[in-house]
Amino acid sequence: MIPDWETVRRTMIEGQLRARGIRDERVLRAMESIPREEFVPPDVRLLAYRDDPVPIGLGQTISQPYMTALMAEVLDLKGTETVLEVGAGCGYAAAVLGSLAARVIAVEIVPALAQMARDNLRRVGRDANITVISGDGSMGHALFAPYDAISVAAAAPEIPTALLEQLRDPGWLVVPVGSLDDQELRVVRKERGRTEYSVRTYCRFVPLRGGEGWQ
Ligand code: SAH
């Protein structure tokens with residue numbers, strides 16, 4: 001039987017997001033309007049709204065809904081920004097960011113996943129302001145830099161310096177940093193020539209490959 005996805009989605013918004021402190025109404029509305037079930041392969045569709053990362057094949061995952069919401073909220077998007085996402089995976093977070101900002105550049109290192117993200121975004125009609133690039137995003141993507149906001153969906157041992165350089169002033173960057181199974185979600189604020197760092201929560205992402213990452 002096919003679930004009533006709208007009800008499942010609303011339950012996720014209330015139980016996983018609002019109940020845990022996600023307050024940005026634009027983020028909540030974006031996630032209420034995007035069919036997350038369309039972004040995962042058919043064999044895991046029934047798990048699409050689970051309160052955990054879900055495997056999407058090729059050893060990668062779609063992030064837990066709360067983590068996607070938290071990262072989007074941290075970026076404090078108003079609708080005018082150009083955003084870089086590193087690690088597009090299936091394209092779900094790119095869809096969320098695309099409905100909160102003017103433009104999204106989403107880089108994915110696994111070519112088959114980059115294609116999956118493009119297909120998913122087109123199928124749900126969210127591809128107009130999102131460009132999925134197949135390649136290594138650990139050094140950012142200089143062509144469209146600087147970015148008003150950068151979201152990294154894979155963990156690095158340290159914040160890649162190229163990403164700090166490609167962040168606009170003012171701008172927000174969110175990135176998981178740490179070891180393979182013990183990471184903190186770091187938030188970087190660039191403003192008036194100063195850069196401030198804080199830690200938002202603990203997390204566990206797949207490793208950022210290439211560049212200055214794990215290799
Ligand atoms: N944003 C996704 C989560 C993706 S998981 C979501 O919406 O749920 C992290 C992704 O980062 C994986 O697909 C992985 O292939 C990708 N990745 C890892 N290292 C990368 C790199 N250096 N450049 C671009 N993508 C990378």
Side-chain angles (χ1 to χ4, degrees), residues 12 16-17 27 30-31 34-41 44-45 47-75 83-101 104-121 123-124 126-127 130-144 147 149-163 166 173-178 180 183 185 203-215:
M12 179 266 282
Q16 299 183 35
L17 308 188
V27 172
M31 291 183 65
I34 296 170
R36 187 172 160 89
E37 70 279 7
E38 295 286 341
F39 286 83
V40 301
V44 291
R45 201 141 283 168
L47 308 177
Y49 290 84
R50 218 168 60 163
D51 191 12
D52 274 307
V54 173
I56 55 168
L58 300 161
Q60 304 303 336
T61 55
I62 181 170
S63 296
Q64 180 191 27
Y66 174 71
M67 196 50 74
T68 300
L70 182 64
M71 292 172 84
E73 186 172 69
V74 159
L75 298 180
V83 181
L84 174 69
E85 189 198 19
V86 179
C90 60
Y92 176 72
V96 173
L97 296 170
S99 64
L100 299 170
V104 177
I105 309 298
V107 185
E108 171 53 51
I109 201 165
V110 178
L113 286 178
Q115 193 53 47
M116 186 200 280
R118 283 188 205 105
D119 293 344
N120 290 342
L121 289 163
R123 183 158 22 80
V124 302
R126 298 277 179 164
D127 57 331
I130 303 172
T131 306
V132 179
I133 289 166
S134 183
D136 179 0
S138 64
M139 309 293 279
H141 192 70
L143 189 58
F144 301 104
Y147 299 95
I150 300 178
S151 175
V152 186
E158 274 308 324
I159 303 178
T161 48
L163 296 181
Q166 290 176 20
L173 181 156
V174 61
V175 53
V177 173
L180 282 180
Q183 305 152 10
L185 190 67
C203 54
R204 189 169 175 179
F205 283 79
V206 299
L208 183 72
R209 291 154 53 177
E212 301 168 12
W214 303 102
Q215 302 311 324

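First listed ligand is number 1; within each ligand, the first listed atom is number 1.
Close N/O approach between Thr68 and ligand 1 is not found [any backbone or side-chain N/O within under 3.5 Å]. Between Thr61 and ligand 1, no N or O atom pair is found at a separation short of 3.5 Å.
For ligand 1 and Val206, the ligand atoms under 4.0 Å from any heavy atom of the residue are 9 (C). Applying the 4.0 Å criterion to heavy atoms of Tyr92 picks out, from ligand 1, the atoms 7 (O). Within ligand 1, the atoms closer than 4.0 Å to a non-hydrogen atom of Glu85 are 1 (N), numbered from 1 in the order shown. Interface of Ile62 with ligand 1, defined as ligand atoms under 4.0 Å from a residue heavy atom, comprises 8 (O). Set against the non-hydrogen atoms of Leu113, the atoms of ligand 1 under 4.0 Å away are 13 (O).
Across Val107 and Asp136, no two heavy atoms sit closer than the pair CG1-C, 4.0 Å. Residues Glu85 and Ala153 approach most closely at OE2-CB, 4.1 Å, considering heavy atoms. Of all heavy-atom pairs spanning Ser138 and Val86, the tightest one is N-CG1, 4.3 Å. When all heavy atoms of Arg209 and Gln60 are compared, the closest pair comes out as NH1-NE2, 3.9 Å.
In this structure, Gly135 is part of the shell of residues with a heavy atom less than 4.0 angstrom from ligand 1.
Side-chain contact between Ile34 and Phe39 is present, with heavy atoms from C-beta onward closer than 4.5 Å. Using a 4.5 Å heavy-atom threshold, the side chains of Thr61 and Val206 count as touching. Within the 4.5 Å cutoff, side-chain heavy atoms of Ser134 are placed close to those of Arg118. Contact of the Leu163 side chain with the Leu84 side chain is registered, since non-hydrogen atoms from C-beta on lie closer than 4.5 Å. Within the 4.5 Å cutoff, the side chain of Leu113 has heavy atoms near those of the Ile56 side chain.
Protein heavy atom in closest approach to atom 16 (C) of ligand 1: Glu108 OE1, 3.3 Å. Counting protein heavy atoms only, atom 26 (C) of ligand 1 is closest to Ile109 CG2, 3.5 Å. Looking only at protein heavy atoms, the nearest one to atom 2 (C) of ligand 1 is Ala88 O, 3.5 Å. Among all non-hydrogen protein atoms, the one lying nearest atom 18 (C) of ligand 1 is Pro207 O, 3.7 Å. When only non-hydrogen protein atoms are considered, atom 22 (N) of ligand 1 lies nearest to Arg209 O, 2.6 Å. At the shortest separation from atom 8 (O) of ligand 1 among protein heavy atoms lies Ser63 N, 2.8 Å.
For Ala94, no heavy-atom contact with ligand 1 is shorter than 4.0 Å. When heavy-atom distances to ligand 1 are checked against a 4.0 Å cut-off, Leu58 has no atom that comes that close, whether in backbone or side chain.
Judged purely by atom type and a 3.5 angstrom limit, Glu38 has no side-chain atom pairing as donor or acceptor with the backbone of Asn120. Judged purely by atom type and a 3.5 angstrom limit, Arg36 uses its side chain to pair as donor or acceptor with the backbone of Ala48. In this structure a side-chain-to-backbone donor-acceptor pair under 3.5 Å is missing from Arg204 to Gln183.
Distances from atom 9 (C) of ligand 1 to the heavy atoms of Ala153, Gly140, Gly59, Ala95 show the closest one on Ala153. Closest heavy-atom approach to atom 12 (C) of ligand 1 among the candidates Arg36, Met139, Gln60: Gln60. Between atom 23 (N) of ligand 1 and the options Gly137, Gly89, Cys90, Ala93, the minimum heavy-atom separation is to Gly137. Comparing Ser138, Ala156, Gly57, Gly87 by heavy-atom distance to atom 4 (C) of ligand 1, the nearest is Gly87.
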